[in-house]
**Student:** 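Dropping a structure here in structure tokens format, bear with me for questions.
Throughout, protein chains are lettered first and strands after them, A, B, ... in sequence-line order, and every chain is numbered starting at 1.
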Number of protein chains: 2
Amino acid sequence: MARPVAPRGRGRERVLGAALSLFAEHGVSGTSLHMIAEALGVTKAAVYHQFRTKEELVLAVLRPVGDEITAFMDAAEGCPDGPERLDAVVVGLVDLVSHHRRLTAVLRGDPAVGRLMRTHEPWRSLTPRVARALLGAAPDPARRVAVSMIGAGLMLSGVEPQLAGLDDATLHRELLRSARLLLGLPAPAGSA
Amino acid sequence: MARPVAPRGRGRERVLGAALSLFAEHGVSGTSLHMIAEALGVTKAAVYHQFRTKEELVLAVLRPVGDEITAFMDAAEGCPDGPERLDAVVVGLVDLVSHHRRLTAVLRGDPAVGRLMRTHEPWRSLTPRVARALLGAAPDPARRVAVSMIGAGLMLSGVEPQLAGLDDATLHRELLRSARLLLGLPAPAGSA
DNA sequence: GTCTATAGATAGATAGAC
DNA sequence: GTCTATCTATCTATAGAC
């Protein structure tokens, strides 16, 4: 409709890349538009040409993660409730962290991002869906704590210096093992 | 020595309490001295009378946690290296989180605090001590991931909404169970 | 698409009166 | 110990030239 076909050229992607790097290092609140512009060798005004507000920029940075979560949640909710669906969600989250190691860390940690996610789609509806899938219908305290630890551990693993040396495949394998262990999920038949 | 006996009166404690609440809700970077002063019904200048800089205030807020970590690390390092020492450190950390539920969340998450801890004592020397005790001499990837998940899970549990309803004792029990599970530590004989 | 320039708000921090 | 007042720097955001 009113949306011009190609508002997202090369410039837009460059801004998103620089913003992600700086968000991961300094947090969203600790990153100014001046810092982003400086990293690109341009001025703030050039960044504002691509994104009308900082909020819009943050949401654009987070968007690939939201898309991927939506995709695997749609798929997981296709199978009946139970351990299989739970495992599918866990695998989806671990895939996500492996694909976007620095990006996922932006989600947790900064309360400003948390507020953004509580007020904007797709996060507003996505967050409860994921929580519900992991917790089940009537979670006991043990399950609540396990889910909390998995969420925190997955999201912060992208910026944990101790894990920086691990390659994606190793990180994926060990995160999945730990998450399944916490949830009491058996390793599937095909795994080593 | 040169330290006057009572620089820390009631006013100082009030500032620390308000700062902690706001740090836990908005993060350190997201909390201004104006917000702290407003919560106390005073002006910024009154806060600056108690703490010369924001950095000094943040370090003062974190101090009780540093003291407690120092104490249990000193005790744990008294016993020989091995599963017993490891378990002692884990118990110390879980105790800590239960004692200072909101406070521990300030430690992780905000990169500004991370930088502060890398440059100021006791954190500068304390952080590697804890990491070394949890990781052991030659940690494999599995151990690294488990330790990372424990660290993230413990520290963020204080602000996780899903856990807000749990009382301290329940939180303590379940965090300890999960942490031991991840590390392959057997529950001690006396536990239920 | 990028720039200069600037507005308006707010940050951390200080000076000095009471 | 708290205040008013102020400084300086930086923040988000906008206007308008090139």
Side-chain angles (χ1 to χ4, degrees), chain A residues 3-62 106 110-116 119-120, chain B residues 3-62 106 110-116 119-120:
Chain A
R3 195 183 303 177
V5 180
R8 46 203 60 175
R10 217 181 60 262
R12 201 179 160 94
E13 300 304 320
R14 286 184 68 229
V15 173
L16 288 174
L20 169 56
S21 290
L22 289 164
F23 288 165
E25 186 179 348
H26 301 101
V28 172
S29 298
T31 302
S32 70
L33 295 194
H34 172 73
M35 292 164 70
I36 295 170
E38 194 178 37
L40 292 168
V42 298
T43 63
K44 280 186 299 179
V47 176
Y48 271 107
H49 177 74
Q50 308 276 4
F51 300 93
R52 291 175 55 178
T53 65
K54 184 181 182 182
E55 192 172 296
E56 190 178 292
L57 170 58
V58 174
L59 289 170
V61 168
L62 296 180
V106 178
D110 196 321
V113 177
R115 266 188 295 280
L116 218 56
T119 52
H120 289 75
Chain B
R3 197 182 302 179
V5 181
R8 46 204 62 176
R10 218 182 60 262
R12 201 180 161 94
E13 300 303 320
R14 285 184 69 228
V15 173
L16 288 174
L20 169 56
S21 290
L22 290 165
F23 288 165
E25 187 180 348
H26 301 101
V28 172
S29 297
T31 302
S32 69
L33 295 193
H34 172 73
M35 291 164 70
I36 295 169
E38 195 177 37
L40 292 168
V42 299
T43 64
K44 279 190 298 180
V47 176
Y48 272 107
H49 177 73
Q50 308 275 3
F51 301 94
R52 290 177 53 180
T53 65
K54 185 181 181 182
E55 193 172 295
E56 190 179 291
L57 170 59
V58 174
L59 289 170
V61 167
L62 296 180
V106 177
D110 196 321
V113 177
R115 265 188 297 280
L116 218 57
T119 52
H120 289 74

**Student:** Could you tabulate the donor-acceptor pairs under 3.5 Å formed by side-chain atoms of residues 32-49 of chain B, not counting sequence neighbours?
**Tutor:**
| unit_1 | atom_1 | unit_2 | atom_2 | d |
| --- | --- | --- | --- | --- |
| Ser32(B) | OG | His34(B) | N | 3.4 |
| Ser32(B) | OG | Met35(B) | N | 3.2 |

**Student:** Within the structure provided, determine whether Leu16(A) and Leu57(A) are in side-chain contact (heavy-atom separation under 4.5 Å).
**Tutor:**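 Answer yes - side chains close enough.
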**Student:** Any chance you could list the contact pattern along nucleotides 2-18 of chain C? Use B for base contacts, S for sugar-phosphate-only contacts and - for none, protein heavy atoms under 4.0 Å, 5' to 3'.
**Tutor:** BBB------SBBBB---
**Student:** Specify the closest pair of heavy atoms between Leu116(A) and Glu55(A), including all atoms of both residues, with the distance to one decimal.
**Tutor:**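 So the minimum-distance heavy-atom pair works out to CD1-CG, 3.2 Å.
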**Student:** For residues 19-31 of chain A, which residue pairs qualify under side chain to side chain donor-acceptor pair (under 3.5 Å), counting only residues two or more places apart or in two chains?
**Tutor:**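 Counting only pairs at least two positions apart or across chains, the side chain to side chain donor-acceptor pair (under 3.5 Å) contacts touching residues 19-31 of chain A are Ser21(A)-Arg102(A), Ser29(A)-Asp110(A).
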**Student:** Which one of Leu20(A), Val28(A), Val113(A) satisfies the side chain to side chain contact (heavy atoms under 4.5 Å, CB included) criterion with Leu62(A)?
**Tutor:**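 Running side chain to side chain contact (heavy atoms under 4.5 Å, CB included) over Leu20(A), Val28(A), Val113(A) with Leu62(A) returns exactly one hit, Val113(A).
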**Student:** side-chain contact (heavy atoms from CB on, under 4.5 Å) with Glu56(A): which residues, sequence neighbours excluded?
**Tutor:**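 side-chain contact (heavy atoms from CB on, under 4.5 Å) check on Glu56(A) returns Phe51(A), Arg52(A), Thr53(A).
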**Student:** Need the bend value for the helix from dG1(C)-dC18(D) to dC18(C)-dG1(D): angle between end axes, 5 pairs each end, nearest 10°.
**Tutor:**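 For the helix from dG1(C)-dC18(D) to dC18(C)-dG1(D), the axes at opposite ends meet at about 0°.
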